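Input: a single structure, listed below in structure tokens.
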Amino acid sequence: VGNKITTTHQQSLTQTQSKTLKVNASFKVAILGAAGGIGQPLSLLIKMSPLVSDLHLYDIANVKGVAADLSHCNTPSKVQDFTGNNELSNCLKDIDIVVIPAGIPRKPGMTRDDLFNINANIVKSLVEAVADNSPNAFIHIISNPVNSTVPIAAEILKQKGVYNPKKLFGVTTLDVVRANTFVAQKKNLKLIDVDVPVIGGHAGITILPLLSKMKPNVSFTDDEIEELSVRIQNGGTEVVEAKAGAGSATLSMAYAAARFVESCLRALDGDSDVYECAFVESEITELPFFASRVKIGREGVEGVVSSDLEGLSEYEKKGLEALKGELKGSIEKGVAFANKEK
Ligand code: NAI
């Protein structure tokens, strides 16, 4: 979507975060699936944002207590709980950003695609409600498989006549967060300086970290590139196995999703220097959706950083070609689901 950005002048989030923010609590955020493993800590982190005036929490279960608990924090936003289909439309009225972490997580041995049957239906029904009640909101899809749930959301929004590709985002921030952490550890770098773009999609080999494009400019041996890339791709599975049946990443995911929400809030508030990786409709490759760095502004995606795909290392070029088949299949599966169910 939007213009391709070829400038090499992009500030990393760590740099832009340190700029002084205008404190203006005026944005409304809704979280659908707010009582879940991700939803609860994400709600807490968003409750801490000085830019949020209203925080609407929706879930099919247990959301009243989460909202009561959070509402006691003395930060500006007003917290309200909503549950059941009847309350969903009120939850979504006048909302600026809708975040969707509703759905089941992985257990050991599962791929993200194994979640498709259940989560596809959940995302479909929630996005239908978003289309009816807050068609102008930024929509952040966390529910997996993101490579399919984002295309599903796009199709549903098209069916409802309100699709704006600039405002639909698959949240891949956790891949960037993991990449920054693992690379900084491996190379003994100060985390504040590290920014690794991660492109492609959000599952297995479709997650492609671009170590050749990271800041600061660091050199790696072939073994280091292989080890780091594979660890970043399997970061989610590392957590799923450690939790041994009790779910997937929730705390690091909440942290990553809160960073992405905060970036979008800053963009909505007029910061003209907001860049994040996200899975969006894109012309950067021949695939209809692709994760890459995007510039975010008041109206959503202002452009993709196409220069990230120029001058890739041999390892990255191979990774890019290898991921296209799987990503294409996942996108098509989502599109077919949304249209079969019409
Ligand atoms: P969880 O099971 O702890 O929470 C899910 C919540 O969604 C529950 O509170 C449940 O009641 C709620 N829910 C289910 N159906 C709903 C509906 N129709 N409307 C509203 N709420 C509904 O799961 P967890 O750990 O929070 O994970 C949520 C999703 O996030 C999973 O699909 C998981 O795979 C995905 N995920 C995505 C990541 C990413 O990087 N994009 C990283 C980690 C997880």
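Heads up: numbering here begins at 1 and tracks the sequence. Counting starts at 1 for both ligands and their atoms, following the listed order. Bear in mind the structure is a predicted one, so any value in this text is a computation, not a measurement.
- Evaluated for a salt bridge (charged side-chain N to carboxylate O under 4.0 Å, His left out) with Asp271, the options Arg266, Lys295, Arg298 yield exactly one hit, Arg266.
- A search for side-chain contact (heavy atoms from CB on, under 4.5 Å) contacts involving Ser89 returns Lys93, Asn133, not counting sequence neighbours.
- Interface atoms of ligand 1 facing Gly33, defined by a heavy-atom separation under 4.0 Å, are 7 (O), 21 (N).
- Considering Ile104, Val146, Asn121, Val171 only, the shortest heavy-atom separation from atom 32 (O) of ligand 1 involves Ile104.
- Near Ala35, meaning under 4.0 Å from one of its heavy atoms, ligand 1 places the atoms 9 (O).
- Considering backbone and side-chain atoms together, Met253 places no N or O closer than 3.5 Å to any N or O of ligand 1.
- Nearest residue to atom 7 (O) of ligand 1 from Ala129, Gly103, Gly39 is Gly103 (criterion: closest heavy atom).
- Inclusion of His202 in the set of residues having an N or O under 3.5 Å from an N or O of ligand 1 is warranted.
- Distances below 4.0 Å separate heavy atoms of Leu115 from the following atoms of ligand 1: 34 (O).
- By the 3.5 Å distance cut-off applied to N or O atoms, Ile142 is counted among the residues near ligand 1.
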Inset, instruction - Evaluate side-chain hydrogen bond (donor to acceptor under 3.5 Å, both in side chains) for Ser148 paired with Lys333, printing each intermediate quantity in order. - result: CA-CA 7 Å; Ser148 302; Lys333 188 172 175 182; over 6 Å; no
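- Atoms CZ and CG, on Arg293 and Asp308 in that order, are 4.0 Å from each other to the nearest 0.5 Å.
- For ligand 1, the atoms lying closer than 4.0 Å to a non-hydrogen atom of Ser248 are 44 (C).
- Taking only non-hydrogen atoms, the option from Ile122, Ile38, Thr172, Val240 nearest to atom 27 (O) of ligand 1 is Ile38.
- With ligand atoms numbered from 1 in the order given, ligand 1 contributes 19 (N) to contacts under 4.0 Å with heavy atoms of Leu126.
- Taking distance alone, with nitrogen or oxygen atoms compared against 3.5 Å, Leu174 stays at or beyond that limit from ligand 1.
- Considering backbone and side-chain N/O atoms, Gly36 comes within less than 3.5 Å of an N/O atom of ligand 1.
- For His202 and Phe279, the ring centers are positioned 6.0 Å apart or more.
- Close approach of ligand 1 to Gly37 is summarised as follows: ligand atoms under 4.0 Å from at least one heavy atom of the residue are 1 (P), 3 (O), 4 (O), 26 (O).
- Side-chain atoms of Glu262 and Ser49 form a donor-acceptor pair, as typed in the model, at a separation below 3.5 Å.
- Put simply, CG on Leu42 and CD1 on Ile31 are 4.0 Å apart, with the number rounded to the nearest 0.5 Å.
- Under the side chain to side chain donor-acceptor pair (under 3.5 Å) criterion, Ser252 pairs with no residue at all, not counting sequence neighbours.
- Residue nearest to atom 9 (O) of ligand 1, selected from Asp59, Val66, Leu251: Asp59 (by heavy-atom distance).
- The shortest N or O to N or O distance between Tyr58 and ligand 1 is not below 3.5 Å.
- Listed by atom number, the atoms of ligand 1 under 4.0 Å from Asn119 heavy atoms are 32 (O).
- Taking a cut-off of under 4.0 Å to the non-hydrogen atoms of Ala249, the atoms of ligand 1 that pass are 43 (C), 44 (C).
- Residues Lys28 and Ser53 form a side-chain contact, since some pair of their non-hydrogen atoms from C-beta on lies under 4.5 Å apart.
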